[in-house]
Chemist: 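First the structure, which I've put down as structure tokens, then a few questions once you've had a look.
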Amino acid sequence: MKIASWNVNSLNVRQPHLEEWLKMRQPDVVCLQETKLEDHKFPDDALLELGYRSAFVGQKTYNGVAILARHKIDDVLTDVPDFADEQRRVIAATVNGVRIINLYVVNGQDVGTDKYEYKLRWLEAVTRWIADEKAKHGKVVVNGDFNIAPDDRDVHDPETWNDSHILTSAAERGALQRLLDLGFHDAFRLKHDDAGVFSWWDYRAAAYRRNLGLRIDLNLVSDALRDVVTDAGIDREPRDWERPSDHAPAWVDLAL
DNA sequence: ATGGTCGGGCGCCGA
């Protein structure tokens with residue numbers, strides 16, 4: 001079972017990329033972020049023709065998340081209980097006996113801003129909710145654009161991306177750690193120790209050409225799935241295509 | 001790398 005996470009930065013623009021990539025890699029489940037589409041504009045018919053069912057929740061201009069799957073999609077949830085939020089950043093569903101959670105974590109702009117405080121509050125609420133999901137379902141994969149790089153191996157320049165910088169600050173990494181402490185594992189790190197494998201490169205300053213990136217797109221597997229992870233990685237190929245998203249897909253393979 | 005680029009949608013915000 002191949003499960004992927006991809007921030008497409010507008011599904012309207014990236015639909016051809018998504019379709020090409022689905023044909024190439026044949027993933028079983030894909031979690032999309034930043035679809036930026038209202039629900040009535042979601043291309044579910046076109047995706048069904050490629051063999052993918054979809055569950056989605058979106059809004060105009062910002063955010064928007066979706067789960068695509070070759071299997072049936074059950075028990076879809078699009079709101080974090082007891083956390084009122086107009087921003088469409090979360091969707092969860094059960095596919096093939098695995099609880100799939102898809103997060104578009106708040107970016108946070110800069111340390112100390114209102115958006116940063118919202119990011120930390122949001123992560124706290126989401127972590128509480130995921131604890132319940134894990135207790136209920138056991139086999140859980142949390143996929144998403146986390147907007148947090150776990151450690152120094154995941155940034156091109158640890159001097160800049162330090163404990164007081166957005167995406168790497170101590171409070172953000174602490175919030176990610178509290179999620180991991182529920183009994184989750186960064187699938188990529190179960191299989192690979194290397195530094196310099198990134199999933200996001202800023203559009204500005206030719207960052208991709210110079211590989212000035214961060215690994216902020218993650219697949220976290222629950223304890224119950226740890227031993228069935230066969231591999232994980234980042235597929236850089238779509239980042240080389242014309243008019244790419246600034247993110248590349250992060251994937252995990254499970255022997256299920 | 002305090003922004004040199006994108007996307008959305010028409011002036012400028014968000015990433």
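Residue numbering restarts at 1 for every chain, and letters A, B, ... go by the order of the sequence lines.
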Chemist: I need the CZ-C1' distance between A/Arg14 and B/dG7, as an integer number of Å.
Modeler: 8 Å
Chemist: Okay, side chain of A/His165, backbone of A/Pro158: is any donor-acceptor separation there less than 3.5 Å?
Modeler: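 Side chain of A/His165 to backbone of A/Pro158, a donor-acceptor pair under 3.5 Å: no, none is there.
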Chemist: Between B/dA15, B/dG14, B/dG9, which nucleotide gets closest to the side-chain atoms of A/Tyr62?
Modeler: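 Selected nucleotide (nearest to the side chain): B/dG14.
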Chemist: Just by distance, with hydrogens left out, do A/Asp223 and A/His185 show a side-chain donor and acceptor under 3.5 Å apart?
Modeler: yes
Chemist: Considering every strand and a 4.0 Å limit on heavy-atom distances, what is the contact class for A/Asn147: base, sugar-phosphate, or nothing?
Modeler: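 Touches nothing.
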Chemist: Ignoring the backbone of A/Val13, work out which of B/dA15, B/dT5, B/dG8 is nearest its side chain.
Modeler: B/dG8
Chemist: Calculate the interatomic distance between A/Asn7 atom CG and B/dT5 atom P; express it in whole Å.
Modeler: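 Distance, rounded to whole Å: 20 Å.
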Chemist: Considering only side-chain heavy atoms of A/Lys36, which listed nucleotide, B/dG4, B/dG7, B/dA15, is closest?
Modeler: B/dG7
Chemist: Hey, does the side chain of A/Arg204 come within less than 4.0 Å of B/dG14's phosphate (OP1/OP2), counting only N and O?
Modeler: no
Chemist: Looking across every strand, which nucleic acid part, if any, lies under 4.0 Å from A/His165 by heavy atom: base, sugar-phosphate, or nothing?
Modeler: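 Since a base atom lies under 4.0 Å of A/His165, the category is base.
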Chemist: Is the cationic atom of A/Arg89 (NZ for Lys, CZ for Arg) positioned less than 6.0 Å from the six-membered ring centroid of A/Tyr104 and within 45 degrees of its normal?
Modeler: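 Relative to the ring axis of A/Tyr104, which defines the angle, A/Arg89 lies inside both limits.
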Chemist: Whole-Å distance between B/dA15 P and A/Leu212 CG?
Modeler: 22 Å
Chemist: Output yes when a side-chain donor or acceptor of A/Gln33 lies under 3.5 Å from a complementary backbone atom of A/Asn7, and no otherwise.
Modeler: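 Here the side-chain-to-backbone pair exists.
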Chemist: When you measure from the side chain of A/Asn9, which nucleotide among B/dG4, B/dA15, B/dG7 comes out closest?
Modeler: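 Closest of the options to the side chain of A/Asn9: B/dG7.
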Chemist: To the side chain of A/Lys60, which of B/dG3, B/dG9, B/dG8 is closest?
Modeler: B/dG9
Chemist: Counting only side-chain nitrogens and oxygens, does A/Thr61 get under 4.0 Å of the OP1 or OP2 atom of B/dG14?
Modeler: no
Chemist: Rounding to a whole Å, what distance do you find between A/Asp246:CG and B/dT5:P?
Modeler: 14 Å
Chemist: With sugar-phosphate meaning primed atoms plus P, OP1 and OP2, does A/Arg209 contact a base, only sugar-phosphate, or nothing at under 4.0 Å between heavy atoms?
Modeler: nothing
Chemist: Quote, to the nearest angstrom, the C1' distance that separates B/dG9 from B/dG14.
Modeler: 13 Å
Chemist: So which nucleotide from B/dG14, B/dG4, B/dG8 ends up closest to the side chain of A/Lys115?
Modeler: B/dG14
Chemist: Taking atom C1' in both B/dG7 and B/dG11, compute the distance separating them and give it to the nearest angstrom.
Modeler: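 Looking at atom C1' only, B/dG7 and B/dG11 are 14 Å apart.
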Chemist: When rounded to the nearest Å, what value does the distance between C1' atoms of B/dG3 and B/dC13 take?
Modeler: 15 Å
Chemist: Would you confirm whether A/Arg189, through its side chain, and A/His192, through its main-chain N or O, come within 3.5 Å as a donor-acceptor pair?
Modeler: yes
Chemist: Under 4.0 Å between any heavy atoms, over every strand shown, what does A/Tyr208 touch: base, sugar-phosphate, or nothing? Just pick one.
Modeler: nothing
